[in-house]
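Along the sequence shown, the residues carry numbers beginning at 1. None of the values given here were measured: they were computed from a predicted structure.
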Amino acid sequence: MRLLFIGGTGNISSECADLAYRRGHDIYVLSRGRSMVPAQYKAVQADRRDIAGMRAALEGIQPDVVLNFLGYDVAEVQIDYQLFVGKLRQYVFISSASVYAKPASLPITEESPLGNAWWDYAQKKLVCEQWLLERHRDDAFPVTIVRPSHTYSKLWVPNPASSASYTYAARLEHRKPVYVPDDGQNPWTLTAASDFAVGLVGLLGRADTIGEAFHITSDEVLTWRQIAAEIADAVGAVSPDIVNIPTDFICEVAPHMTGTLKGDKVHPGVFDNAKIKRFVPELTCQKPFRVGVRESVAWLRAHPDRQNLSAMVDHMIDEVVVRWRAVKR
């Protein structure tokens with residue numbers, strides 16, 4: 001099939017495009033030209049918010065399946081609808097498992113209540129989902145919803161401060177303190193993008209997935225304390241300084257963390273993957289975090305230009321820890 005990735009070089013999408021290519025699909029990657037598109041794919045350059053530019057860039061391509069990894073607002077998916085209605089076998093919208101109401105009854109299934117009161121990112125993703133499913137009901141638009149939850153690749157070392165930055169791991173390398181929220185015992189799920197890709201690619205081009213929603217996650221559950229300890233071990237940190245700090249205190253010091261913590265990471269994230277495994281029986285979570293985090297650390301050390309170190313994140317962690325320790329004296 002001819003697959004068009006709207007965003008195909010990111011944390012999750014890179015692994016998905018790679019697996020789809022290895023399975024024999026023709027891969028087109030739409031971007032603004034700021035990221036290098038692998039030579040084996042066909043690059044399509046356009047601003048995805050510019051419908052005229054998109055239409056011109058896509059002329060003659062006629063994809064069978066569109067996968068949108070970069071949909072954050074309804075206006076963006078409305079553009080896709082105008083471009084592709086009546087022309088596709090399938091439109092895959094990459095949403096987020098953060099759309100489920102928090103806290104949720106465990107394990108979380110695709111039928112769990114939706115609606116995140118804390119995080120605007122999750123709220124926007126849900127509005128996109130609802131708009132697209134309305135188009136499916138009213139116009140037979142062939143949408144499939146996919147909800148990742150804290151998925152990582154070699155580009156990320158997932159953590160409770162900023163997963164897209166190597167800063168948390170770098171602090172552990174340099175014997176600087178890091179925090180975990182509350183007592184660090186909240187159960188959480190981290191998923192390797194290579195495992196996620198098996199589930200996603202297995203859904204492509206299938207009529208029985210249209211109108212359906214799937215989350216695709218690992219079956220491995222760790223606590224935040226265990227996750228921080230695995231990162232510390234991966235970077236070779238001996239006796240790491242991992243500080244338990246109440247979520248409310250973190251969010252008071254760093255208000256921008258409220259959505260990602262209170263809207264996601266401090267609530268138990270344990271998922272029932274029975275639905276995706278019914279559709280894609282070959283899906284197994286082959287990469288435990290202990291293995292995956294070591295791969296990420298090794299790759300990012302070998303590619304320091306991709307570490308995305310952040311002075312802002314570093315300062316935020318320092319401020320949270322210092323102020324908490326001052327309170328506890």
Side-chain angles (χ1 to χ4, degrees), residues 11 149-195 217-254 257 260-261 264-266 268-270 285-329:
N11 171 51
S149 177
H150 214 162
T151 304
Y152 70 97
S153 67
K154 64 187 180 184
L155 302 175
W156 279 24
V157 176
N159 65 76
S162 178
S163 296
S165 170
Y166 190 70
T167 304
Y168 193 93
R171 289 180 64 88
L172 288 165
E173 282 181 331
H174 294 97
R175 301 177 179 272
K176 297 173 71 175
V178 298
Y179 67 74
V180 292
D182 302 317
D183 62 1
Q185 298 306 308
N186 183 59
W188 191 247
T189 301
L190 299 171
T191 306
S194 55
D195 288 335
T217 78
S218 173
D219 296 317
E220 179 184 43
V221 178
L222 300 171
T223 68
W224 279 115
R225 192 89 194 174
Q226 289 172 317
I227 291 165
E230 289 290 1
I231 298 170
D233 196 48
V235 301
V238 178
S239 300
D241 190 0
I242 302 170
V243 187
N244 296 331
I245 301 181
T247 296
D248 285 342
F249 187 88
I250 298 170
C251 296
E252 179 183 334
V253 175
M257 295 298 297
T260 183
L261 290 179
D264 202 27
K265 295 178 177 61
V266 300
V270 181
C285 296
Q286 298 183 357
K287 187 176 292 185
F289 184 61
R290 174 177 288 269
V291 173
V293 70
R294 284 156 179 76
E295 292 178 357
S296 297
V297 166
W299 193 88
L300 287 165
R301 281 175 167 173
H303 300 82
D305 58 309
R306 302 297 297 276
Q307 290 182 4
N308 192 28
L309 293 172
S310 169
M312 184 178 71
V313 172
D314 193 43
H315 174 74
M316 182 269 291
I317 297 174
D318 266 338
E319 187 174 10
V320 169
V321 172
V322 168
R323 288 177 59 173
W324 174 246
R325 283 179 164 164
V327 168
K328 295 298 288 181
R329 286 198 190 108

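With salt bridges taken as basic N to acidic carboxylate O contacts below 4.0 Å, one links R294 and D233. Look at R290 and E230 and you find a salt bridge, because one of the NZ, NE, NH1 or NH2 atoms lies within 4.0 Å of a carboxylate O, short of that distance.
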List the steps, then state whether side-chain contact (heavy atoms from CB on, under 4.5 Å) holds for V321 with I245.
CA-CA 8 Å; V321 172; I245 301 181; 4.1 Å; yes
side-chain contact (heavy atoms from CB on, under 4.5 Å) between K265 and N186, worked out
CA-CA 8 Å; K265 295 178 177 61; N186 183 59; 5.9 Å; no
Please report the C-alpha distance between T167 and D314 in whole Å, then the side-chain angles of each, then the deciding distance to 0.1 Å, and finally whether the side-chain hydrogen bond (donor to acceptor under 3.5 Å, both in side chains) criterion is met.
CA-CA 6 Å; T167 304; D314 193 43; over 6 Å; no
Apply side-chain contact (heavy atoms from CB on, under 4.5 Å) to K154 and N11, showing your working.
CA-CA 8 Å; K154 64 187 180 184; N11 171 51; over 6 Å; no
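Using a distance-only test at 3.5 Å, with no hydrogens or angles considered, a donor-acceptor pair links the side chain of N159 to the main chain of V157. Judged by distance alone, with hydrogens and angles left aside, the side-chain atoms of E220 form a donor-acceptor pair with the main-chain N or O of F289 at under 3.5 Å. For Y179 (side chain) and D318 (main-chain N/O), no donor-acceptor pair under 3.5 Å exists by modelled atom type. Judged purely by atom type and a 3.5 angstrom limit, T189 uses its side chain to pair as donor or acceptor with the backbone of G269. With hydrogens and angles ignored, the 3.5 Å screen pairs no side-chain donor or acceptor of H315 with any backbone N or O of A311. Remark: side-chain polar atoms of D182 are not paired, donor with acceptor, to backbone N or O of P246 under 3.5 angstrom. Looking at D241, its side chain never comes within 3.5 Å of a backbone N or O of K176 through a donor-acceptor pair.
Going from atom OG1 of T223 over to atom CD of Q185 covers 4.5 Å, rounded to the nearest 0.5 Å. In this structure, the separation between OG on S310 and OH on Y166 is 15.0 Å, given to the nearest 0.5 Å. Rounded to the nearest 0.5 angstrom, M312 CE and S162 OG are separated by 7.5 Å. Distance check: I250 CD1 to R323 CZ gives 12.5 Å after rounding to the nearest 0.5 Å. Rounding to the nearest 0.5 Å places OG of S218 at 8.0 Å from CG of L190. The OG atom of S153 sits 12.5 Å away from atom CG of D195, with the distance rounded to the nearest 0.5 Å.
Across every non-hydrogen atom of A161 and M257, the tightest pair is O-CE, 3.6 Å. Between Q307 and R301 the shortest heavy-atom distance is NE2-CA, 3.9 Å. Pairing each heavy atom of V243 with each of W324, the nearest pair is CG1-CD1, 4.0 Å. Smallest separation of non-hydrogen atoms from P158 and I231: O-CD1, 3.3 Å. Shown here for A254 and V320, the closest heavy-atom pair between the two residues is CB-CG2, 4.5 Å. Heavy-atom minimum distance, P181 versus T247: CB-OG1, 3.6 Å.
Between W188 and D264, the closest side-chain pair of non-hydrogen atoms falls below 4.5 Å. Proximity of D183 to R225: side-chain heavy atoms (C-beta onward) are nowhere separated by under 4.5 Å. At a threshold of 4.5 Å between non-hydrogen side-chain atoms, the residues L155 and W299 count as touching. Considering only heavy atoms from C-beta on, F249 comes within 4.5 Å of V327 through its side chain.
Under the 3.5 Å distance criterion, with hydrogens and angles disregarded, no donor-acceptor pair is assigned to the side chains of N308 and S165. Donor-acceptor pairing under 3.5 Å is recorded for the side chains of H150 and S163. Looking at Y152 and E295, their side chains never bring a donor and an acceptor atom within 3.5 Å of each other.
Across V293, L172, L300, a single residue satisfies side-chain contact (heavy atoms from CB on, under 4.5 Å) together with V235, and that is L172.
No more than 12 heavy-atom neighbours from other residues, nucleotides or ligands sit within 6.0 angstrom of CZ on R306. Crowding of E319 atom CD: a count of heavy atoms from other residues, nucleotides or ligands under 6.0 Å exceeding 12.
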